Amino acid sequence: MDFATFLVQCLNAVQYGLLLFLVASGLTLIFGIMGVINLAHGSFYMIGAYMAFVLAPWFGDWYLTKLAAGVILAAVFGYLLEWAFFSFLYQRDHLQQVLMTYALILVFEELRSLTVGNDVHGVQAPSWLAGGFRLGELMSYPWYRVFASVACIVLAVALYWVVNRTKLGMMIRAGASNRDMVRGLGIDIQRLYRIVFAGGVALAALAGMIAAPLSSVYPNMGGSVLIICFVVVVIGGIGSITGALIASLLVGFVDTFGKVFFAEYSGIGVYLLMAIILIWKPEGLMKQHGR
């Protein structure tokens with residue numbers, strides 16, 4: 001492998017890991033802070049990808065505006081979904097959480113089939129991000145992948161700032177540690193959870209919108225993303241945003257280079273990584289939040 005090819009694979013690994021972080025960060029917030037096992041989280045990624053397809057004719061090259069509109073729609077949808085369904089799950093056991101969120105997967109898939117059909121769709125990247133830059137004499141790297149990586153980095157920094165430097169973040173961290181104490185201080189924990197859930201849905205949908213031009217938009221696309229996101233959450237430590245970022249990048253590199261060097265066995269690389277890390281640190285790379 002020459003240096004240019006190695007560099008391309010490194011960029012692909014970082015881009016994939018950062019995109020995975022967007023989805024996994026929402027899942028780790030919902031799972032780690034609210035205590036809900038949300039199997040429908042991958043469906044929010046799928047919804048975002050299909051929003052990118054449906055909204056494309058409306059916005060054209062106004063790509064950033066389309067992303068902003070999609071995030072707002074996803075956040076509102078998440079807020080209403082938490083009010084209608086998830087707010088009843090906090091005191092239920094995990095089996096009931098699994099059953100209801102799995103039922104939501106079936107509902108979302110059926111609604112997707114009825115509204116946009118079962119065909120595979122492509123989403124065009126905006127014209128101002130077309131083409132790429134040269135890497136060596138024979139290889140180039142697409143500008144859209146660079147944009148996806150930069151956008152994910154900006155969002156990761158913004159998410160870290162919100163969770164660790166704002167009053168809302170302080171309440172979220174306190175609610176993760178002791179919800180009864182937070183409720184005793186007069187904070188509306190139900191509204192706080194609703195905001196967290198809406199944010200998690202928005203992050204997953206945004207990841208789907210950004211990923212849509214990189215891959216096809218197709219039925220059941222949220223299933224594989226959900227599995228790998230749970231792997232990221234477990235490796236990084238439940239409830240830890242920093243852990244999710246580190247784990248996402250590790251998974252990105254293991255998956256990308258595994259497909260290059262060990263194509264036949266690349267499917268087990270990520271799970272082998274998870275097993276090794278859990279043997280070394282059963283709580284994940286970063287300390288799990290208390291409840």
Side-chain angles (χ1 to χ4, degrees), residues 13-14 16-42 44-45 86 89-90 93-94 97-98 101 152-153 155-166 168-182 189 192-193 195-197 199-204 206-207 224-256 258 268-291:
V14 170
Y16 173 59
L18 289 171
L19 198 59
L20 186 59
F21 166 72
L22 275 192
V23 191
S25 60
L27 181 62
T28 199
L29 283 173
I30 295 171
F31 188 19
I33 294 176
M34 300 167 62
V36 174
I37 300 177
N38 180 21
L39 297 185
H41 195 74
F44 304 143
Y45 173 85
F86 285 83
L89 292 179
Y90 302 134
D93 58 40
H94 290 323
Q97 296 174 3
V98 167
T101 54
C152 291
I153 291 172
L155 289 166
V157 172
L159 184 60
Y160 178 85
W161 179 77
V162 169
V163 172
N164 293 280
R165 295 289 186 270
T166 66
L168 175 61
M170 180 181 65
M171 291 189 293
I172 291 172
R173 287 182 282 116
S177 299
N178 193 323
R179 69 177 65 176
D180 293 329
M181 179 191 69
V182 172
I189 194 70
L192 181 64
Y193 280 5
I195 292 172
V196 170
F197 189 85
V201 172
L203 286 170
L206 179 59
S224 58
V225 171
L226 175 68
I227 294 171
I228 202 70
C229 282
F230 269 113
V231 171
V232 168
V233 169
V234 171
I235 290 176
I238 298 172
S240 172
I241 298 296
T242 304
L245 177 59
I246 296 171
S248 296
L249 292 173
L250 283 175
V251 167
F253 274 91
V254 168
D255 184 73
T256 301
I268 67 171
V270 171
Y271 305 104
L272 183 61
L273 171 69
M274 179 177 68
I276 292 172
I277 289 178
L278 291 182
I279 290 173
W280 171 46
K281 296 191 71 174
E283 74 280 6
L285 293 175
M286 305 297 289
K287 187 176 180 181
Q288 180 176 338
H289 286 303
R291 288 198 58 79

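Computed from a prediction, not measured in an experiment: that's the story for all the values here.
- For the pair Thr256/Val14, no side-chain contact is recorded, criterion being any heavy-atom separation below 4.5 Å from C-beta on.
- Of all heavy-atom pairs spanning Phe21 and Ser248, the tightest one is CA-OG, 3.3 Å.
- The structure places CZ of Phe197 at 6.0 Å from CE of Met34, a figure rounded to the nearest 0.5 Å.
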Item to check | Residue pair Ile30, Phe86: steps toward the side-chain contact (heavy atoms from CB on, under 4.5 Å) verdict | outcome: CA-CA 10 Å; Ile30 295 171; Phe86 285 83; 5.7 Å; no

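- In terms of modelled atom types and a separation under 3.5 Å, the side chain of Ser25 and the main chain of Leu22 share a donor-acceptor contact.
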Next on the checklist: Run the side-chain contact (heavy atoms from CB on, under 4.5 Å) test on Asn38 and Phe31 for me, step by step, so that the C-alpha distance in whole Å, both residues' side-chain angles and the decisive distance to 0.1 Å come before the verdict.
Outcome noted: CA-CA 7 Å; Asn38 180 21; Phe31 188 19; over 6 Å; no

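- Between the CD1 atom in Ile235 and the CD1 atom in Ile246 there is a gap of 11.5 Å [rounded to 0.5 Å].
- Contact check for Leu226 versus Tyr45: no side-chain heavy atoms found under the 4.5 Å cut-off.
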Checklist entry - Step by step, would you call Leu272 with Ile276 a side-chain contact (heavy atoms from CB on, under 4.5 Å)? => result CA-CA 6 Å; Leu272 183 61; Ile276 292 172; 4.1 Å; yes

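- One finds the OH atom of Tyr90 at 9.0 Å from the CD1 atom of Ile189 (value rounded to the nearest 0.5 Å).
- The shortest non-hydrogen separation linking Ile279 to Pro282 is O-CD, 4.4 Å.
- With Thr28 contributing its side chain and Ala24 its backbone, the two residues share no donor-acceptor pair below 3.5 Å.
- Distance CG/Leu206 to SG/Cys152: 7.5 Å, rounded to 0.5 Å.
- One distance of note links NZ of Lys281 with CE of Met286; it measures 7.5 Å at 0.5 Å rounding.
- Minimum heavy-atom separation, Ala247 to Gly236: CB-N, 3.7 Å.
- A 4.5 Å side-chain heavy-atom check between Ile241 and Asn164 finds every atom pair outside the cut-off.
- Every residue was checked against the ring pair (Phe, Tyr, Trp, His ring centres under 6.0 Å) condition with Tyr160, not counting sequence neighbours, and none meets it.
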Item to check | side-chain contact (heavy atoms from CB on, under 4.5 Å) between Leu192 and Leu168, intermediate numbers included | outcome: CA-CA 8 Å; Leu192 181 64; Leu168 175 61; 3.6 Å; yes

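- When every heavy atom of His41 is checked against every heavy atom of Val23, the shortest pair comes out as NE2-O, 2.9 Å.
- In this structure, OG1 in Thr101 is found 7.5 Å from CG in Leu89, a value given to the nearest 0.5 Å.
- Residues Val232 and Ala244 share a closest heavy-atom pair of CG1-O, 3.6 Å.
- Under the 4.5 Å side-chain criterion, counting only non-hydrogen atoms from C-beta, Ile37 is in contact with Phe230.
- Closest approach of Val225 and Ile228 over heavy atoms only: O-CG2, 3.2 Å.
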